[in-house]
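Predicted model only: the values in this text are computed from it and were never measured. Each chain gets a letter, A, B and so on, in the order the sequences are listed, and its residues count up from 1. Scope of the values below: all heavy atoms of this structure, side chains included, with no hydrogens, waters or symmetry mates.
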2 protein chains.
Amino acid sequence: MTPRSCSIANALEVVGERWSLLALREVFFGNTRFDQIAANTGASRDVLAARLKKLVSAGVLEKVQYSSHPPRHEYHLTDSGRALHNVLLMLREWGDQYVTEGPPPQVFQHSCGHVLHPRVVCAHCGEEVSPESLTRAAQPTH
Amino acid sequence: MTPRSCSIANALEVVGERWSLLALREVFFGNTRFDQIAANTGASRDVLAARLKKLVSAGVLEKVQYSSHPPRHEYHLTDSGRALHNVLLMLREWGDQYVTEGPPPQVFQHSCGHVLHPRVVCAHCGEEVSPESLTRAAQPTH
DNA sequence: CTCCTAAGTTGGCTTTCCCAACTCACGTTA
DNA sequence: TAACGTGAGTTGGGAAAGCCAACTTAGGAG
């Protein structure tokens, strides 16, 4: 059988390799330069260079020059990259709850003043989404 | 420098390898048996066996026997595994919006009757979470 | 007996990954 | 001007992981 066509699989084609999401985490933290990303993730430089190139060509990051003499650039998030914030939030929340032992290594405060605990809700009704609250809708005819 | 301690990295240690999240997707779809998972993901059987073993030992899945003669089992989600649903939802949403060309391969209907578009909100105030709405809170002293 | 199914294992080959060292373009210090 | 520093990668070689097809094991069905 041929594997299921699925946007999760498509997403993982782009950001599913090792170091890709960690590189993006660093960019969200404001560490937008090659050496910062390498140091904070622990990725080897050759693999990191390959991942960044792929993320740029996939439109998740863009290379922005911030100095021409000497030529230097940083990696900035595109809209697509910014939209990955949600994925990182949920991954961190899951890691905090089920993997990391002891207190969370990072804690974030939401603009409402409270410590953030992200929750996934239906954009239409605002109710929390559980696996049981979903049914598969009709497939688009292809 | 030593890499940043982070629950995203910890989470990816567990579910970040290729095929792990796709195997979990299948279990959420109700395809809980080895051959089903292999067929629907496209993973090679040896790698899939290794991934499932790892997910079981990490407490994300559990092996449940459903027949003793012949001995047969299926993979069921634990609480930890069920909590990954949010990650898959956000990954699919991102894939639908930024990677998959054309209409989404799967559409889900929420129990409220509408097509699901998941959204991440702050559990306390219910407002949508953006990268800019967050500030880093004090680190726990270690 | 022989065939069939589920759930892996095994062997052999190919592709990635990792690490340290090197390059290259430029600026700075002495 | 020579030596040194910095940012951003490349390169080379060995180790690890991945891929595929075929094999195994434990039992049931015809």
His85(A) and Phe28(A) aromatic ring geometry - parallel, tilted or perpendicular at 30°/60° bounds: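 Rings of Phe28(A) and His85(A): tilted, as their planes differ by 30° to 60°.
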Distance test, side-chain N/O of Arg18(B) to OP1/OP2 of dC19(D), below 4.0 Å: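 So the side-chain polar atoms of Arg18(B) do come within 4.0 Å of the phosphate oxygens OP1 or OP2 of dC19(D), strictly under.
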Distance test, side-chain N/O of Tyr75(A) to OP1/OP2 of dG7(D), below 4.0 Å: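 Result: no.
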Partner set under ring-ring contact (aromatic ring centres under 6.0 Å, His included) for His114(A), not counting sequence neighbours: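 Listed in chain order: His124(B).
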Heavy-atom contact window of chain A on DNA chain C, given 5' to 3' at under 4.0 Å: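 First-to-last contact on DNA chain C, by the 4.0 Å heavy-atom rule, is dC17(C) to dG27(C).
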All side-chain contact (heavy atoms from CB on, under 4.5 Å) counterparts of Gln97(A), not counting sequence neighbours: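 Scan of Gln97(A) (side-chain contact (heavy atoms from CB on, under 4.5 Å), adjacent residues dropped) gives Glu93(A).
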Near-strand residues of residues 19-37 of chain A, defined as heavy-atom separation under 4.0 angstrom from DNA chain D: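 Close to the strand are Arg33(A), Phe34(A), Asp35(A).
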Arg33(A)-Tyr66(A) side chain donor-acceptor pair, cut-off 3.5 Å: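 The criterion, which ignores hydrogens and geometry beyond distance, is satisfied for Tyr66(A) and Arg33(A).
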Exercise: do Asn31(B) and Arg4(A) side chains pair donor with acceptor under 3.5 Å: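 Indeed, the side chains of Asn31(B) and Arg4(A) share at least one donor-acceptor pair under 3.5 Å.
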Glu128(B): side chain to side chain donor-acceptor pair (under 3.5 Å) partners, not counting sequence neighbours: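 Applying side chain to side chain donor-acceptor pair (under 3.5 Å) to Glu128(B) gives Arg119(B).
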CG-CD1 distance between Leu52(B) and Ile37(B), expressed to the nearest 0.5 angstrom: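 So the CG of Leu52(B) and the CD1 of Ile37(B) are separated by 5.0 Å.
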Atom pair CG/OH of Asp79(A) and Tyr98(B) - distance to nearest 0.5 Å: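 Output value for this atom pair is 5.5 Å.
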Rounded distance in Å - OH (Tyr66(A)) to C1' (dA8(D)):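 Value for this atom pair: 9 Å.
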Within residues 45-63 of chain B: residues closer than 4.0 Å to DNA chain C (heavy atoms):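 By residue number: Arg45(B), Asp46(B), Ala49(B), Lys53(B), Lys63(B).
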Ionic contact status for Lys63(B) with Glu74(B), cut-off 4.0 Å: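 No salt bridge links Glu74(B) with Lys63(B).
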Arg18(B)/Glu17(A) under salt bridge (Lys or Arg N to Asp or Glu O under 4.0 Å): CA gap, chis, key distance, verdict: CA-CA 7 Å; Arg18(B) 201 173 173 202; Glu17(A) 288 170 301; over 6 Å; no
